[in-house]
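Taking it in order: structure first as structure tokens, then the write-up.
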Protein chains: 2
Amino acid sequence: MQRGYALPVSHQLPIVGQPQPERADAARNRQKIIQVAARMIELKGADQLSLDEVAREACVGVGTVYRRFGDRTGLVFALIDERERVFQEAFMNGPPPLGPGAGAAERVAAFLTALVDRVVDQQDLMLLLELGSPKVRFRGPYRLYHTHLTRLLAEVRPAVDPRFLADALLAPLNAHLISYQRDERGLTVEAIKAGARTLAQALTQPRA
Amino acid sequence: MQRGYALPVSHQLPIVGQPQPERADAARNRQKIIQVAARMIELKGADQLSLDEVAREACVGVGTVYRRFGDRTGLVFALIDERERVFQEAFMNGPPPLGPGAGAAERVAAFLTALVDRVVDQQDLMLLLELGSPKVRFRGPYRLYHTHLTRLLAEVRPAVDPRFLADALLAPLNAHLISYQRDERGLTVEAIKAGARTLAQALTQPRA
DNA sequence: GTTGCAACCGGAGGAATTTCCGCTTAATCT
DNA sequence: AGATTAAGCGGAAATTCCTCCGGTTGCAAC
């Protein structure tokens, strides 16, 4: 697995420059920790993820986990990383209507629909991600989503601040809300997607 | 202060029926705890609120705090309570356009605008509120907001599930996001309100 | 007043997160 | 190979949230 979000210490977007070398033992431990964490989540659910336990299970000190991943959110970034790359690739460079080639309005709708799937797909991890402080939360994938939507909205709706609209489109698709809608309100994933499309349509249709 | 959200043990909506008696010592402690908590927040910020410390400062055991308020979120409910009542009264029974008397679309817009003010007004406490688990978060004030909006939206936009739309209107006005937009994106409160109005308009305008 | 008991009290303690720091070791340079 | 050193390591300890339970007390009924 390549190094992704899980850079040492702080939460950063992927760096493509020269990846400064990582000592062999450090790399070994990172692997071990990620594997153990993934297995434990599969076993007992993401909400039961205890870093203490991960450390114990991986036969490393707690300090090692924290140095490698900063905090729990950092570890979750690393666990999400693989599928997240695929998703990002899809809306950045993939085929339309998600990727470039389709109209902005259509791409927004496609993006929101795909995002619902993305959230549902790794719901537990997404929930964990949203537990972090906002400083952290808005750095991860969210930042890229926001940039993407802002660009598209600026094309089609220049009258209103596209940065706000981008947030307004992303906010209803947060993992906690979706999870609540499904579990407590009884909404199906399809219903949520339909709602997302309605949202997209309402905000990309310029008016007088 | 009346008893509001801060009912013993669990998080509930206000009960207007007969308020079952509370022992004198219990009432005394509730007061003391609320006062100490309020003072500590004023002093060191809401994010530094430690229940252990509140207990120590109020000269009661930690257990007492937890029996009275259930958990941190419960205590925050109690602290919010007063202004929250005023706000709820305003959109339930106050003068239009916020209260009844105006058209549904207009009321939605007025509500969202007022909600922005509400969130900004007690931002720190709102942030704390959102930190609780979703089970808790969606019980407090949120539940009432959602019911209110759902009713209004059902009048004006029956084609789409109004419950989803209500969530979609509330989500962008969460305290974490607003705080981020103001601090990091440099958006003014006015800009956020303008965005909220745009949202309201886009979702209350029925289309083909 | 006395009494009975349900409600209440306080704080010890478990679980989890996160910080800190003295020791160890991998990688590099000579 | 040997020396140097920055990076890494592990776990003790501080902090916080929350639960639990043996002892205490307000209060209502007699």
Taking the six-membered ring for Trp, are B:Y145 and B:F138 ring centroids under 6.0 Å apart? no
By nearest-heavy-atom nucleotide on DNA chain C, the more 5' of B:G63 and A:L51 is B:G63
Euclidean distance, atom CD of residue B:E57 to atom C1' of D:dT16 [Å, nearest integer]: 16 Å
Do B:Y180 and B:N174 pair up side chain to side chain, a donor and an acceptor below 3.5 Å, judged on atom types alone? no
Once you round it to whole Å, what is the distance between P of D:dC9 and CZ of A:R67? 5 Å
Evaluate B:R182 against B:I192 for side chain to side chain contact (heavy atoms under 4.5 Å, CB included), listing each step before the verdict. CA-CA 9 Å; B:R182 297 215 297 153; B:I192 295 173; 3.7 Å; yes
Please state how far atom CG in A:D71 lies from atom P in D:dT16, giving the value in whole angstrom units. 17 Å
Can you give me the first and the last nucleotide of DNA chain C (5' to 3') that has an atom within less than 4.0 angstrom of a non-hydrogen atom in chain A? C:dT17 to C:dA27
Starting at CG of B:L75 and ending at P of D:dT16, how long is that distance when rounded to a whole Å? 15 Å
Contact between A:F87 and A:D117 at the side-chain level, heavy atoms closer than 4.5 Å - yes or no? no
Just compare D:dG10, D:dT19, D:dA12 and give me whichever is closest to any side-chain atom of A:N29. D:dG10
What are the two closest heavy atoms between B:I178 and B:V120, and how far apart are they? CG2-CG2, 4.3 Å
Tell me the interatomic distance from A:Y66, atom OH, to D:dG8, atom C1', rounded to whole angstroms. 18 Å
Taking for each residue the nucleotide of DNA chain D bearing the nearest heavy atom, is the 5' side occupied by A:C59 or by B:E53? A:C59
Less than 6.0 Å separating the ring centroids of B:F77 and B:F69? no
So do B:P100 and B:R107 actually touch side chain to side chain, heavy atoms under 4.5 Å? yes
Distance alone, cut at 3.5 Å: any donor-acceptor contact between the side chains of B:H146 and B:R151? no
How close or far is atom P of D:dC17 from atom CD of B:Q48, stated in whole angstroms? 10 Å
What's B:D25 touching, base or sugar-phosphate or nothing? Going by heavy atoms closer than 4.0 Å. sugar-phosphate
Taking atom types as modelled, is there a side-chain donor on B:R118 or B:Q122 under 3.5 Å from an acceptor on the other? yes
Which part of the nucleic acid does B:L49 contact within heavy-atom distance under 4.0 Å: base, sugar-phosphate only, or nothing? sugar-phosphate
Whole angstrom value for the distance that separates P of D:dT15 from CG of B:D47: 17 Å
Base versus backbone protein contacts along nucleotides 1-7 of chain D [heavy-atom cut-off under 4.0 Å; B, S, -]: -----BB
To the nearest angstrom, how far is B:R56 atom CZ from D:dC17 atom P? 11 Å
